[in-house]
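Have a look at the structure below before the remarks.
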Protein chains: 2
Amino acid sequence: MNPTIKDVAKHAGVSTATVSLVIHDNSRISPETKRKVLKSIKTLHYLPSKSARDLVTQRAGNIGFIITDDHFLRTEPFYTRIFLGAEFEARDGDYYVLLATVESNFNEEDQLPRFIQERNVDGIIIAGKVPQNLIDRILELKIPLAFVDYETTNNCCPNILIDNIQGGILATSHLIGLGHKQIGFVGADIQHPSLLKRFTGYKQALENAKIGFNDKFVETGSLYPDRQNGYDAAKKLIEKNKNLTSIFACNDAMAIGVMHYLKDNGFKIPDDFSIIGFDDVESDLLLDPPLSTIRVPKIELGAESIRIITSYLKTKTIPKKILVPVELIIRQSTSAPGSKRI
Amino acid sequence: MNPTIKDVAKHAGVSTATVSLVIHDNSRISPETKRKVLKSIKTLHYLPSKSARDLVTQRAGNIGFIITDDHFLRTEPFYTRIFLGAEFEARDGDYYVLLATVESNFNEEDQLPRFIQERNVDGIIIAGKVPQNLIDRILELKIPLAFVDYETTNNCCPNILIDNIQGGILATSHLIGLGHKQIGFVGADIQHPSLLKRFTGYKQALENAKIGFNDKFVETGSLYPDRQNGYDAAKKLIEKNKNLTSIFACNDAMAIGVMHYLKDNGFKIPDDFSIIGFDDVESDLLLDPPLSTIRVPKIELGAESIRIITSYLKTKTIPKKILVPVELIIRQSTSAPGSKRI
DNA sequence: TCACATTAGTTAAACGTTTAACTTTGTTTA
DNA sequence: TAAACAAAGTTAAACGTTTAACTAATGTGA
């Protein structure tokens, strides 16, 4: 069996309390005793037991990370990176991150994630949109909660958000700056706060540039912002508006769908048509041409959410909203409106 | 505070031992008492504390998952999915999975992952290649260990492996079946057992088809099997062998590099040149044309590794090697050798 | 010189379970 | 009828820490 604090105490000729105080660097201990104890710790290869510690301190040492399986499968590289950002940051603090997926149609009777049932987390991060009744049940249990990339209306909890409006402005302004005046918007799930704000940014940029907003240029009918729906939206939009020269898609997945539609229909990108996405999913780089987009600092988003929740656990104070800035990434899918087609 | 076992005992009018026995479904308890206790548990919303349990049972309830940061960043979608497979499977068992990355040049004095320091795992899964001295130190601590996608020479521990040889044969035979006779191989890090076996499969398929092996058709100089090195390898290989009609790349990342090189140099895929990869990373689908490849069941690989290690923890028996079968995925990057170039 | 701090440690209870060993009561068996 | 056994619980120790409250020794100011 592993050595315990008692073994160390005996070896160093002190009480277990002293050993504990040394471990926690308490000033009550003289330098000499400290040295002696540290030496014993080293020679015995002593490591404190986490479960014993957790029991007495009444903490779990874990942060739960919840996401719907739907989100996870559909937009995996996006949320995976947020998770990783959380994971990395948690390591520096003193936590582990436990992952759980829930069904997107989670309902009353469904089992809560196991780490909640076992009281195995000190706090929870929810990534992306989840069913309201899940949120309610967690709040009922009074487990500290933070949301990343999902804006809640009741401001019970901190929200770590992408600056979606700014992103929408950046993307649209980029196209405007290149000389585009006919700019389409491809979106989805208009209930989703993030997507809505990107749309708001789009409109705001048009207004700033004194370009009239035209709702014929907007296609937001589908539920999920995925590749197939991007393809279909592009089809509708372009068939309806022959004069369009560019599209801002609400995320990269849809942008990729748009690109495929354009390619399938003989448009050259960016010569005939400029297209910009949002998210900067890594795979953008594989595209031909590489996609201009708005970079979302995913790792940073995850890290920030850990910082928020652990600081809450320490100080019991919550900031309401954190807005993480985004960045315009110009690649080769956008250019000045060039040789017009047909 | 949450209710404890004492509260339940008091509420049900029994001892805490009885409550514990009920929870563990011990036959010593009469049906009537059992019913009574279960009712109290329900009305009080009692949930056993994991840390108390862990302390007394001397288990952590966690499995560690270790990977080098290098692997993780370079081939993220691949190992991420293995991790997820482990995560999902662990949930059904009674474990959480804790992730840790280590530096690929991990050395003696470096800190072991925190979950090892804190004795917070019952077993460890190592994914992909890691430095030998890390392995040695874990073995020293006598923590049960399993390797996924990395073959260890000393057979101390179970190895959950992709059937790389079979994959190499499948890929190469596919090209041969299409009529190719000049088939290049693009690889890397010839020390890496997995890559080596893919190469073995390549040679074996050639032999099976009575096609002579030509080491001019092989390029395995670079250290990492990534996109850039794929690009460079294709360049060398094709400049050297004008008669090549197809390439089997040891993974998709390199295959993508090869495709980029081919595109940059005016080759049409698959008309002028067939290319097949290995791994079936999701992003293959974005490529133009979509890449034929060998699918590795990543989720399954992770799940299997959890099954192996938890079954070891229960029964203390280890299977030596598990070979997970792979599958040929034919997309549009391979076809019969067609209209030759220039 | 004495009351009082300060320093450097110790003692012992507490955290919430599990489980071996024990008790009590009732039922067989020889 | 007594001894043996089975059934259904209980008691109490143990797991390995942390920490409030205590103690003993030394230093300090009036």
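Chain letters run A, B, ... following the sequence lines, proteins first and then strands; every chain starts at 1. Only this structure's heavy atoms are used, side chains among them; waters, hydrogens and symmetry mates stay out.
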- Is it true that atom NZ of B:Lys42 has more than 12 heavy atoms of other residues, nucleotides or ligands lying nearer than 6.0 Å? no
- Query: Within 45° of the ring axis of A:Tyr95 and under 6.0 Å from its six-membered ring centre, is that where the NZ or CZ of A:Arg59 lies?
  - Reply: yes
- Query: Contact class for A:Ile23 (heavy atom, under 4.0 Å): base, sugar-phosphate, or nothing?
  - Reply: nothing
- Could you tell me whether B:Asp54 and A:Lys50 make a salt bridge, using a distance below 4.0 angstrom between a side-chain N and a carboxylate O? no
- Query: Which of residues 6-20 of chain B sit near DNA chain D, with a heavy atom under 4.0 Å from it?
  - Reply: B:Val14, B:Ser15, B:Ala17, B:Thr18
- Query: Looking only at side chains, do B:Asn2 and B:Tyr46 share a donor and an acceptor under 3.5 Å apart?
  - Reply: no
- Let me know the distance between CG of A:Asp54 and C1' of C:dT17, rounded to the nearest Å. 14 Å
- Base-pairing string, 5' to 3', of DNA chain C - Watson-Crick or wobble, under 3.5 Å, | interstrand: ||||||||||||||||||||||||||||||
- Query: Atom CD1 of A:Ile5 and atom P of C:dT11: how far apart are they, to the nearest Å?
  - Reply: 14 Å
- Query: Is the cationic atom of A:Arg137 (NZ for Lys, CZ for Arg) positioned less than 6.0 Å from the six-membered ring centroid of A:Phe106 and within 45 degrees of its normal?
  - Reply: no
- Over-ring placement of B:Lys314 relative to B:Tyr312, 6.0 Å and 45° cut-offs: no
- Task: Round to a whole Å and report the spacing from CG of A:Leu21 to C1' of C:dT7.
- Result: 13 Å
- Query: Does a salt bridge link A:Lys298 with A:Asp149, judged by any charged N lying under 4.0 Å from a carboxylate O?
  - Reply: no
- Note on the structure: Whole-Å distance, A:Arg119 CZ to C:dT17 P, equals 10 Å
- Message: Counting C-beta onward and ignoring hydrogens, is there a side-chain heavy-atom pair between A:Glu87 and A:Ile299 closer than 4.5 Å?
- Response: no
- For the side chain of A:Ala52, starting at C-beta, report the closest nucleotide among C:dT19, D:dT17, C:dT17. D:dT17
- Query: Between atom CG in A:Leu55 and atom P in D:dT19, what is the gap in whole Å?
  - Reply: 12 Å
- Message: Under a plain distance cut-off of 3.5 Å, with no hydrogens placed, do B:Ser40 and B:Arg35 share a side-chain donor-acceptor pair?
- Response: no
- Message: Any heavy-atom pair between the side chains of A:Ile125 and A:Ile66 that's under 4.5 Å?
- Response: no
- With respect to the phosphate group of C:dG16, does any side-chain polar atom (N or O) of B:Arg53 fall under 4.0 Å of OP1 or OP2? no
- Query: For residues 24-44 of chain A, which residues have at least one heavy atom under 4.0 Å from DNA chain D?
  - Reply: A:His24, A:Arg28
- Selected nucleotide, minimal atom distance to A:Gln58 side chain, candidates C:dG16, C:dT17, D:dT18: C:dG16
- Using a strict 4.0 Å threshold on nitrogen-to-oxygen distance, state whether A:Glu300 and A:Arg307 make a salt bridge. yes
